[in-house]
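Report on the following structure.
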Amino acid sequence: MPKITYHHADGNQDVLDVPGGSTVMRSAVSNGVRGIVGECGGQAMCATCHVYVHTPYLDRLPEISEDEEEMLECAAAERDESRSRLGCRLTVGDELPEIEIDVPKAQV
Amino acid sequence: MTAMKPQAPSAPIADWVALDALHADPFPIYTRLRAEAPVAWVPAANRYLVTRYADVHTVDADQDTFSADESHSLMKRAMGHSMLRKDGPAHQRERKAAGVPLRPNQVKQRWTPIFRRNAEELINRLRPGGGAELVDEFAAPFAARNLAEIVGLPNASARDMRTWSQTMIDGTGNYANDPDVWARAERSYYEVDEALDEMIPHLRANPDGSMVSAMLHADDPLDIEEIRANVKMTIGGGLNEPRDVLGVAVHALLAEQRRRDRVMADQSLFASVFDESVRYVAPIGMYPRQTTREVELGGTLLPAGARLGVVVGSANRDERQFSDPDIFDINREKKPHVAFGGGAHYCLGAWAAKASVATVALPMLFDRLPHLRLDPDHPAQAAGWVFRGMTELPVVWDL
């Protein structure tokens with residue numbers, strides 16, 4: 001099963017084994033991971049599933065679409081030019097069997 | 001022998017809840033419902049009311065079980081079958097087409113200058129008077145003018161928009177089946193169609209940034225009936241909300257001098273005022289859902305086909321989610337609220353509302369009306385539960 005690791009600012013982490021096809025946002029919301037809200041349910045409309053992706057995984061991610069780009073500019077926590085993504089746009093599975101992300105200090 | 005899965009009990013009946021009491025002040029009723037019966041059958045509302053944050057969140061996240069496509073929907077009769085009462089791909093398709101003008105960059109570049117122009121004109125007209133009822137003379141016409149342009153009906157006056165919005169909303173809430181209410185809603189229904197018939201040939205030939213244009217020119221364009229229904233829903237659902245959050249925000253600032261001083265000293269706090277205002281009094285306080293199967297929610301068992309009232313006005317005051325929820329506090333810990341709903345139907349107008357109220361209207365009102373204050377002789381009033389906001393906000397200022 002694909003694995004997602006959420007690193008929190010206080011040093012704690014949540015590690016989830018999730019079905020292929022799950023997103024970083026949906027997995028967090030349905031498993032009660034703190035700090036990821038997913039207010040709009042994955043439509044790239046609210047910027048409340050902002051995450052910082054650990055560098056080794058960056059080149060395996062899909063391109064940033066126009067919609068995602070726009071929302072990242074509206075995120076509550078500062079955008080990191082290379083590592084910021086929306087969790088609703090990151091899907092784990094055969095292409096991406098595991099990913100580690102940092103949860104930002106604020107989403108709203 | 002197979003063990004039977006223990007079944008949750010059916011929802012308790014809250015026959016002590018009365019509609020007039022909800023209309024006057026729903027919050028003490030919500031507090032009691034959250035404590036005693038968080039999913040309750042409320043005979044007066046003819047629905048199960050869902051009042052806790054966690055349960056509202058569950059409903060919003062699962063459109064397969066909690067359908068927006070309510071049967072016998074009064075909204076469909078009053079406004080046509082818009083995306084707000086659809087689920088899944090049918091909803092998504094219409095939302096994708098209509099939502100383009102409401103994305104943050106469009107709001108910033110195209111609409112914010114228009115919001116600014118509309119606010120200027122209205123305030124310039126008010127200024128020499130020294131006093132006004134701010135909902136009727138500013139918040140409502142401001143919201144109406146902005147909405148007419150976003151929708152793509154520049155041929156509609158602010159007065160038309162307000163009449164259409166109110167009469168179609170009244171139809172949506174016409175549980176008493178009052179024929180006069182239906183007659184007024186129906187007149188508006190056809191007037192909106194006429195206004196659209198006037199604009200559509202022009203917008204078909206000359207695309208612009210409006211919603212009607214976006215629906216006409218989408219990769220997967222909407223047909224005329226879809227456009228008509230979505231425009232009516234947007235007129236019904238896009239006017240009260242910025243109007244009411246503006247009224248609540250101005251009242252909160254005028255009612256508490258220290259709060260106002262802090263915001264005047266740091267104008268970036270207008271954004272917090274906006275966010276706390278929609279949490280404190282969600283302009284859309286309740287919306288319907290219908291179960292597609294038997295399901296357990298909040299410790300009770302709901303049958304298939306159960307009609308629910310999702311009470312975001314209560315979820316936003318849930319003490320399990322917010323500390324001191326009945327206090328208006330712009331410094332509270334930032335936590336998600338559900339004033340814009342959540343999930344697939346998350347409010348399309350959220351960015352436009354924030355920009356028009358927090359970026360434009362609030363700073364301009366406090367800047368241009370010297371020593372703005374509540375009118376000591378005429379108390380402000382709030383009302384409503386399905387829709388809630390200030391109904392009277394008399395203010396005065398120095399000339």
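Quick caveat: nothing in here was measured; it's all calculated off a predicted structure. Letters A, B, ... are given to chains in the order of the sequence lines, protein chains preceding strands, and every chain is numbered from 1.
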Neighbour count >12 (heavy atoms, 6.0 Å) for atom CD, A:E95 | no
When rounded to the nearest 0.5 angstrom, what is the spacing between SG in A:C40 and CG in B:D60?
-> 12.0 Å
May I ask you to name which of A:V37, A:V29, A:D67 has the most heavy-atom pairs under 4.5 Å with chain B?
-> A:D67
Does B:D219 CG have over 12 foreign heavy atoms under 6.0 Å away?
-> no
So which residues of residues 103-112 of chain B are in contact with chain A at a heavy-atom cut-off of under 4.5 Å?
-> B:R103, B:P104, B:N105, B:Q106
Give the minimum heavy-atom separation between A:R26 and B:A61, together with the two atoms involved.
-> NH1-CB, 4.4 Å
Step through the shown structure and confirm whether more than 12 heavy atoms of other residues, nucleotides or ligands are within 6.0 Å of NZ on B:K335.
-> yes
Under 6.0 Å from the NZ atom of B:K334, do we count more than 12 heavy atoms belonging to anything else shown?
-> yes
Kindly check if the number of other-residue, nucleotide or ligand heavy atoms within 6.0 Å of CG (A:D94) is above 12?
-> no
Give the member of B:R95, B:K96, B:Q92 that has the highest number of heavy-atom pairs under 4.5 Å with chain A.
-> B:R95
For A:C74 and B:W351, run side-chain contact (heavy atoms from CB on, under 4.5 Å): C-alpha distance rounded to whole Å, both residues' side-chain angles, the deciding distance at 0.1 Å, then the answer.
-> CA-CA 10 Å; A:C74 300; B:W351 294 99; 3.5 Å; yes
Check: A:E39 side chain, B:V338 main-chain N or O, donor-acceptor pair, under 3.5 Å = no
Go through the atoms of B:H57 and report whether side chain, backbone, both or neither lie under 4.5 Å from a heavy atom of chain A.
-> side chain
